[in-house]
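A short write-up of the structure that comes next.
Below, all heavy atoms of this structure are taken into account, side chains as well, without hydrogens, waters or symmetry copies. Just so we're clear, the structure is a prediction, and the values are computed from it rather than from any experiment.
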Amino acid sequence: MELLGEKSEQSGVSITLESTGLADEKVEYSHVHHLLYRRFTPDISFCVLSDDIKLHSLQLLPIYQTGSPTSSGKNLSQERELLSLFCFFSLPHMGYLYMVVKSVELMSVYQYPETSQQAVLTPQFLHVITSNNLQCFTVRCSAAVAREEDPYMDTTLKACPPVSMDVCALRIQLFIGLKAICHFKNHIILLTQADPEVIPERRDSSRRLLSRKDTSVKIRMPSVAEAGWNLYIVNTISPVQLYKEMVEYSDIYKTVKTQSCIHLLSEAHLLLRAALMDAQQLEPGERAELMEAFKESCGHLGDCYSRLDTQHSHLALPYYKMSDLSLTEVLARVDWAVDHESQKYERGLIFYINHSLYENLDEELSEELAARVAQLFHAAEPKQLPHVLCSPSMKHTDPSLALSYLRSLDTCGLSSILVTLTKAAMALKLGDLDMHRKEMQSHSEMKLVCGFILEPRLLIQQKKGQLVPTEFAVHLKEAQPGLLVASVLGLQKNSKIGIEEADSFFKMLCGHGEDKIPQLLLDFWEAQLVACLPDVVLQELFFKLTLQYIWRLSQRQPPDTPPLRSAEDLINTCSHYGLIYPWVHILISSDFLLDKNYMEDLSKLQSLMCGPSFDIASIVPFLDSLSEDTVAGLSVHVLCRTLLKEYEQCIDTLLERCPEAVIPYANHQLKEESRIASVVENAVASTLSENQVWWREVSALPVSTERNTVGCCCGAGAEGFPERSPRGRHCSVFLALSSLLQQKEVTDLKVSFEQCHSSIETNCKHSSQGILCSVCVTEAFETFLYHAVVTSLIYIHIHSVVQNENCQDVRILQRSAMFLKVDAECCSKEQRPLRALEDMTVFSIPGTLQGNSKCVRCHS
């Protein structure tokens, strides 16, 4: 019966700890932990005496892993971490080895040819003594430790013989009278006792009488034959020498290709691995010799698995990797048959070569070896031939030979698009552009993208850890840049290339440094937004695009290649590019000197800023490089402030720079009626701009700047008529509105201005002297402009009603008319010089709307 781990506590065996010289404080922390319980049933076929069924040689063998230097920083003393623990015990005819660290597991069972007396376990061997022999067996401690120590064991990177592999006896050496054995480093200490010879017993005759004359009696003691004890110190053979003997012996099995060859070489491999585990006892020269032998053993195992048809033939790959042999060196060890048709290639070799070519090794095969590899896969694995030919290691493959192999694959049921692209690549190597063009035109662009996804190395190869564009990619950059961008986008979408790797690829392809962004990379970023890839961080992509747009606008830098997508295409196909606001178009239309490329970058930047996902705060610090002196820079700055909800500042800027965009701006950005009215009212209440047309005409009138004692009807006293600055931007507002009026309406408003001019001269006391007071000029003229603005709004709403039949616009129209009437009455009560208003018939609302409080269309 066998109980392992926690179940062993159910054995019923009670254990009591007793102190045997330990300090009291150490005894306090001691406890019993059950690991293993096993009960044996005597085998009567072997056991005759009771001594033949007793247990012996219980031993715990710890294996330590050398840690980092101690905290004191001294490299001489190394911390040792327990890596694994083994438990061994033996019966006279059988021995048992368990691993008891993380879990209790039976590793090996040893059967002795003779009755054993004692055994000792080392990391390399198990030594057992019988009455006349010293026997040596292999152990699996190093195999178990390797899997505990290295997480990459049993992968395509590393391998180790299995723990479950059968153990074997290495040698048996004759000793007479073996009694005890122990182990110290590389020495085995033996104690022997020779059996004594049979000596006849001699006794004195009892009849012999003693002499009376003797003063003392002398009795002769009988001679006793004693056994001879011998102490032997046996130096164990060095691991490297034993390894060489085992390899030499394994050559017997090479020709017959049996599992015995793998088993023997695996034992030799484990022997070296066990010797390398205890690095503290090795001299530097010894360790280097062991490492060289270890790599050689990995190469031998790789040869076995690559040539023998076994279920573990895939192990050829990790063993060849551990041997540090290059692909060329491994191929040189292959026995290439002269007759290629009769050559049979085993799975292990094919798996190793195929996997090695996929790993983008920085190793280029010679033309001869490349031809052999191509022939191998054409014969054994035709489906992998297109992939093999795309490997950087196959660079020196004869393209004519490759094309001949590829043409024969067309009927093999392979992916036709992949074969087509590989033939196109080989035709490009030959310089046959007609053949290349014919192959590329045989499939649609979407299928070609799928082909590049199946084999990315047609476009991108890796050399010395860096992505390098292929000759095929360089050709596509000039001939089909759209296909190239779509293909790299497909690679990224299918996790065949990372974001940063794709950026580096385009920079290297276009010959730009890390600081310069080629247009093709900008096209790729735009394509990422259109495709909405899940692993792309949107705000980071927005930031890169806007930064590049701003840089090119500020530097007037044209693209190095024609852009693949226009701003209109992006707006129509990508949800992240929004419709550009109408007032932005009005603002930009005032500059007719912008070239096409400049306008495209500007439109893309504006569209991205108008999109629903854009974070405006991220680019505010970078807008300083874009000057507001240009219309393009002004539009971007105003758009940025608008997105930050700084509407008042934007309107002030537009009134100064582009007044015709104010009303479209207010209508689009300020949706509520109260906000629109507030903006217009604030604009009317601000000061007149001296550089506007209307104010220049008023300022042309003669104005008194001298102090006098004459008063004016406006209330100015005898203290004179000091100059004061204008109070409104009515002119700018009217200019903004006039762009939306019909020609007749503008003419009528100009006639009203002439009437206002006459009214000023009539109502000012000093008009007879040819001098007008600045107060009267300002008050009268700003009143006119204010009502001109309101009238313009009324006209605009009338047009809206006619076109859209919007009752809401009619109600706004009525409110505007009422506002005009009330304001005129207030000005009359203040006795301001507003007689000109009576003659301004153009301010009257069309008759259909005068005096009505209901909508003229729906009567609501």
**Asked** Where the side chain of Ser393 meets the backbone of Glu363, is there a donor-acceptor pair that is under 3.5 Å apart?
**Response** yes
**Asked** Run the salt bridge (charged side-chain N to carboxylate O under 4.0 Å, His left out) check on Lys321 and Glu359 step by step: do they pass?
**Response** CA-CA 12 Å; Lys321 283 187 177 181; Glu359 289 185 344; 2.5 Å; yes
**Asked** Would you say the side-chain atoms of Ser391 pair up with the backbone N or O of Leu357, donor to acceptor, closer than 3.5 Å?
**Response** yes
**Request:** Give the C-alpha distance, both sets of side-chain angles, the deciding distance and a yes or no for side chain to side chain contact (heavy atoms under 4.5 Å, CB included) between His187 and Tyr232.
**Result:** CA-CA 10 Å; His187 310 288; Tyr232 294 92; over 6 Å; no
**Message:** With side chain to side chain contact (heavy atoms under 4.5 Å, CB included) as the criterion, how do Glu346 and Leu308 come out once you've worked through the C-alpha distance, each side chain's angles and the decisive distance to 0.1 Å?
**Reply:** CA-CA 7 Å; Glu346 300 297 344; Leu308 301 182; over 6 Å; no
**Fill in**
Closest heavy-atom pair, Pro392 versus Glu364, reported as atoms and distance to 0.1 Å, is O-CG, 4.0 Å
**Message:** We want to know whether Tyr320 and Ser306 form a side-chain donor-acceptor pair, criterion being a heavy-atom distance below 3.5 angstrom.
**Reply:** yes
**Request:** Kindly give the heavy-atom pair with the smallest separation between Met165 and Arg140, and that separation in Å.
**Result:** O-NE, 3.1 Å
**Message:** Let's go through Cys304 and Leu265 carefully: what are the C-alpha distance in whole Å and the side-chain angles of both, what is the deciding distance for side chain to side chain contact (heavy atoms under 4.5 Å, CB included) to 0.1 Å, and is it a yes or a no?
**Reply:** CA-CA 9 Å; Cys304 287; Leu265 289 174; 3.4 Å; yes
**Message:** Is it the case that the side chain of Asp150 and the backbone of Tyr152 share a donor-acceptor pair, with hydrogens and angles ignored and the cut-off at 3.5 Å?
**Reply:** yes
**Prompt:** Can you name the closest pair of heavy atoms from Asp166 and His263 and give their distance?
**Reply:** O-NE2, 2.9 Å
**Request:** Compute both the distance and the angle, then confirm whether Arg347 meets the cation-pi test with Tyr305: under 6.0 Å from the six-membered ring centre, within 45 degrees of the axis.
**Result:** no
**Parallel, tilted or perpendicular, as decided by the 30° and 60° cut-offs, for the rings of Phe89 and Tyr98** = parallel
**Item:** Centroid separation Phe294 to His269 less than 6.0 Å
**Value:** yes
**Request:** Compute the centroid of each ring, for His378 and then for Tyr405, and state whether the two points are separated by less than 6.0 Å.
**Result:** yes
**Request:** Step by step, work out the side chain to side chain contact (heavy atoms under 4.5 Å, CB included) result for Ser90 and Phe88.
**Result:** CA-CA 7 Å; Ser90 181; Phe88 174 81; 3.9 Å; yes
**Message:** I'd like to know if Lys295 pairs up with Asp324 as an ion pair, taking the criterion as any Lys NZ or Arg NE/NH1/NH2 lying under 4.0 Å from an Asp or Glu carboxylate oxygen.
**Reply:** yes
**Request:** For the residue pair Tyr243 and His300, categorise the inter-ring angle as parallel (less than 30°), tilted (30 to 60°) or perpendicular (more than 60°).
**Result:** tilted
**Item:** Shortest non-hydrogen contact between Leu242 and Arg171, atoms and distance
**Value:** CD1-NH2, 4.4 Å
